Amino acid sequence: MTDISVLVPGRIHTRVIERLEGRFTLVRADVATLDAATLAGIRGVAVSGSFPAAAIDALPNLEIIASFGVGYDGVDVSRAAARNIVVSNTPDVLNDEVADTAVALVINTVRRLPQAEAFLRAGRWGRGESFPLSPLSLRGRRVGLYGLGRIGLEIAHRLEALKLEIGYHTRNPRADVPYRYFGSLREMAGDVDILLCIVPKTPETHKAIDADILGALGPQGVLINVGRGWSVDEAALIAALESGTIAGAGLDVYYDEPRVPEALLGFEQVSLLPHVASASVPTRNAMADLVADNIIDWFSIGRARTPVPETPQPISG
Ligand code: NAP
Ligand code: 8YV
């Protein structure tokens, strides 16, 4: 397959490169820098992050875009589908890691454990000071999951072990779970103490968690976001934290990464992570392998391993 060219624009996990080089001719460059003959030779793309319509349009013989990550919002899937190009993502292999991180973020936020560690490291405990009791506890709390897909379900299973009552809001109720279904995000926010966001970035989820939802969550309420920053109105969140409209927030994702609004850094009732929910060596290796396997399968057996539902899955010719 060394006669097949695969484009790798921008940075990607090194294991993707290791798995593909030798098998394919790798073109490690941005589309805008390539001549027409090279562009015409490219049949596959391996990408982490953005691959917009203009890049797709520049590649007349493209067959597959293998995207790193389960969320593939950076790839213009409608343009790919219109061109009969398959898009693949990396579902399932990261479910447990992301769910573990989500639960850690819940506990860190509610019990202020990162602040307690910073207190110790600063020598304050050793000097005889006591770390303040956390204003909130997980005891007796109700959690509402906004999204109950592959990752949401793993989060729910872990939260059950913490003895929390669980509800969820999705567009379609699930028949296979014992959790309470809410037909609207607003209704769920009004009923729970912890609102945990794990939905994809779509037009419908844009700033879905706004001032109204935060108001419904209430003064004992905590927002946790491990989905996409896109789903939260950050200005409304900052205002809600400032005014005590909600009690706290734990965030792994932000609207304009890696930019984190300065105001969020100043809140003691907030726990912040730099988009690390899947960021362990084993899990990122598994994601990288799945990117490579999608491309290898496509060009060897004519089927991508984990194609996204929006794009066609024709047998390659
Ligand atoms: P998934 O299996 O596709 O689940 C998505 C869930 O969201 C489903 O329950 C879906 O249910 C629900 N949903 C979608 N649109 C909705 C809407 N408009 N209103 C209400 N519910 C909606 O996806 P996943 O594998 O669990 O991943 C979820 C997302 O997490 C990814 O797309 C990614 O953005 C994010 N993520 C973040 C990290 C991180 O590092 N922080 C890591 C991995 C994933 P219905 O279809 O019934 O509505
Ligand atoms: C990754 C993610 O951090 O899978 C996703 O959707 O957000 C994360 O696992 C990201 O894709 C790597 O760039």
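Indexing begins at 1, ligand by ligand and atom by atom, following the structure's order. Keep in mind that this is a model prediction, so the values were computed, not measured.
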What are the atoms of ligand 1, with element, lying closer than 4.0 Å to any heavy atom of [X]?
{"X": "N172", "answer": "45 (P), 46 (O), 47 (O)"}
{"X": "Y146", "answer": "19 (N), 20 (C)"}
{"X": "E204", "answer": "18 (N)"}
{"X": "H275", "answer": "39 (C), 40 (O), 41 (N)"}

K207 to Y255 six-membered ring, cation-pi geometry met (6.0 Å, 45°):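 Pair K207/Y255 counts as cation-pi.
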
Any N/O pair T90/ligand 2 closer than 3.5 Å: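 The answer is no, given that T90 and ligand 2 share no N or O pair closer than 3.5 Å.
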
Geometry only, no angles: is G71 polar-contacting ligand 2 at N/O separations under 3.5 Å?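 Yes, since at least one N or O of G71 sits under 3.5 Å from an N or O of ligand 2.
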
Of all the heavy atoms in [X], does at least one lie under 4.0 Å from an atom in ligand 1?
{"X": "G227", "result": "yes"}
{"X": "T202", "result": "no"}
{"X": "Y168", "result": "no"}

Taking distance alone, with no angle check, do [X] and ligand 1 share an N/O pair under 3.5 Å?
{"X": "V253", "value": "no"}
{"X": "I151", "value": "yes"}
{"X": "R150", "value": "yes"}

Report the nearest protein non-hydrogen atom to atom 13 (O) of ligand 2: residue, atom name, distance rounded to 0.1 Å.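 The closest one turns out to be S48 OG, 3.7 Å.
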
Write out the residue and atom name of the closest protein heavy atom to atom 4 (O) of ligand 2, then the distance separating them to 0.1 Å.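 Looking only at protein heavy atoms, the one closest to atom 4 (O) of ligand 2 is V70 N, 2.8 Å.
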
For ligand 1, indicate whether the residue L94 contacts it via side chain, backbone, both or neither (heavy-atom separation under 4.0 Å).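 The side chain, only.
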
Under a 4.0 angstrom heavy-atom cut-off, which atoms of ligand 2 come close to L94?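 Close to L94: 4 (O), 9 (O).
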
Among A279, S278, G69, whose heavy atom sits nearest atom 9 (O) of ligand 2?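 Considering heavy atoms of A279, S278, G69, the nearest to atom 9 (O) of ligand 2 sits in S278.
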
Let me confirm one number: the CD-CG distance from Q115 to N108, rounded to the nearest 0.5 Å.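 Atom-to-atom, Q115:CD and N108:CG are 8.0 Å apart.
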
Can the ring centres of F24 and F299 be said to be less than 6.0 Å apart?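 Centroid distance F24-F299: below 6.0 Å, so yes.
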
